[in-house]
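Quick notes on the structure that follows.
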Protein chains: 2
Amino acid sequence: MPPEAPPVRFGMLLTLLARSWRAELDRRLAHLGLSQARWVVLLHISRIPEAPTQRELAQSVGVEGPTLARLLDSLENQGFVKRLMVPEDRRAKKIVLTDKAEPLIRQIEAISSQMHQDLISGIDEEELQSCLKVHQTILKNLNRS
Amino acid sequence: MPPEAPPVRFGMLLTLLARSWRAELDRRLAHLGLSQARWVVLLHISRIPEAPTQRELAQSVGVEGPTLARLLDSLENQGFVKRLMVPEDRRAKKIVLTDKAEPLIRQIEAISSQMHQDLISGIDEEELQSCLKVHQTILKNLNRS
DNA sequence: GCCTTATGATTAGCGGCCTAATAATAAGCC
DNA sequence: GGCTTATTATTAGGCCGCTAATCATAAGGC
């Protein structure tokens, strides 16, 4: 690889890193029958106090409606979530975790924080915070575009 | 686990950021008939001194063989690259840019570095470098897993 | 030379992201 | 009430990443 470092590199590294991060988490979640994408959905549901509608959940997770719909299809097939009718609005559905999913939450939180710990080893807290700040700034700039 | 900011956040932000970055670049490249994925391939070809084989190119770009093969299919259909037979190894193909692609390279480099500039506004050089270093450390940790 | 193993590219098929289009319902306005 | 517009969820279809399997060729051991 040529050692010259054009500004382009930041985006490439970011993309590669996100892909690798996802792949590793997928690997660690596989034995639970989960993937990163489905796991994130479960985690968000568990953290929202009131059962959210799909619209609200998609917003919280940060994906579009159709993407969430298909993730919920598989999670529902796996028996981890249920779609509940909303009496006041017959278009909407509220999403809740099933009893089967509840014990999973602790496991997946443990797995993901273990992985986080593994991956940030050798990075000091200050650097990490600064990196987070950079990420947030870029995201803010992106939302302005 | 810190009670208020679970470590999970870093991965989620990373994922969201990479997706948003890609989406914005796709938007800016659309009028050239390109996407981020295909653009990166062109850029790598143009930077490798000798025409690379697909294997080498895939390595350089950081994707698997089949992923590259399909990107090359579309780039070839668009007339931006050609696959050349290699006399010494009849399994392999070397990838070269066409004359049509050459003038594009400057444009796409300009677009991507403009975007880079737009997105890092408000971040000072030191923070950015530190962030890059964090990314590289995490990637190194990932490759050890 | 011949057989086994390794390698380069492709195909098939899946996951996860998107946008556009659709269907059902709700809300707002005469 | 009845029409128009907005909103919720879904379906359809595309892109881009992956792994597994396939095909042709190369390389190595005998």
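Throughout, a chain's letter reflects where its sequence line sits, starting with A, and its residues are numbered from 1.
Residue contacts shown for A:Arg22 are limited to sugar-phosphate atoms, with no base heavy atom under 4.0 Å away. Here A:Leu71 lies in heavy-atom contact (under 4.0 Å) with sugar-phosphate atoms only. Within 4.0 Å of A:Ser74, counting heavy atoms only, lies no atom of the nucleic acid at all.
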Nucleotide-resolved protein contact map, nucleotides 19-26 of chain C, B/S/- at heavy-atom distance under 4.0 Å:
BB---BBS

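Along DNA chain C, the nucleotide nearest B:Arg83 and the nucleotide nearest A:Gly62 are compared for position; the residue whose nucleotide lies closer to the 5' end is B:Arg83. Heavy-atom distances to DNA chain C give each of B:Ala92 and B:Arg70 a nearest nucleotide, and the one nearer the 5′ end belongs to B:Ala92.
Phosphate contact (OP1/OP2 of C:dG15, side-chain N/O of A:Arg38, threshold under 4.0 Å): absent.
The ring-ring contact (aromatic ring centres under 6.0 Å, His included) analysis of residues 63-94 of chain A, with sequence neighbours excluded, yields no pairs. Note on residues 72-81 of chain A: pairs passing side chain to side chain donor-acceptor pair (under 3.5 Å), not counting sequence neighbours, are A:Arg38-A:Gln78, A:Asp73-A:Arg83, A:Glu76-A:Arg83. Within the structure, the ring-ring contact (aromatic ring centres under 6.0 Å, His included) test picks out the following pairs touching residues 119-141 of chain A (sequence neighbours left out): A:His135-B:Phe10, A:His135-B:His135. For residues 121-136 of chain A, every residue pair satisfying the salt bridge (charged side-chain N to carboxylate O under 4.0 Å, His left out) rule, not counting sequence neighbours, is listed here: A:Glu127-B:Lys133, A:Lys133-B:Glu127.
With hydrogens and angles ignored, the 3.5 Å screen pairs a side-chain donor or acceptor of B:Asn141 with a backbone N or O of A:Ser121. A donor-acceptor contact shorter than 3.5 Å links the side chain of A:Thr15 to the backbone of A:Gly11.
Separating the CZ atom of A:Arg19 from the P atom of C:dG16 is a distance of 16 Å, rounded to the nearest angstrom. Atom C1' of nucleotide C:dG15 and atom CG of A:Asp26 are separated by 9 Å, given to the nearest angstrom. Rounded to a whole Å, the CD atom of B:Glu56 is 14 Å from the C1' atom of C:dA9. Rounded to an integer number of Å, the gap from A:Leu29 CG to C:dG15 C1' is 14 Å.
Residues A:Lys93 and A:Val86 have side chains not in contact (no heavy-atom distance under 4.5 Å, counting atoms from C-beta outward). You'll find the side chain of B:Trp21 reaches within 4.5 Å of the side chain of B:His116, heavy atoms only. The shortest distance between side-chain heavy atoms of B:Ser46 and B:Leu97 falls below 4.5 Å.
A 4.0 Å heavy-atom criterion places the boundary nucleotides of DNA chain D facing chain B at D:dC16 to D:dA26, written 5' to 3'.
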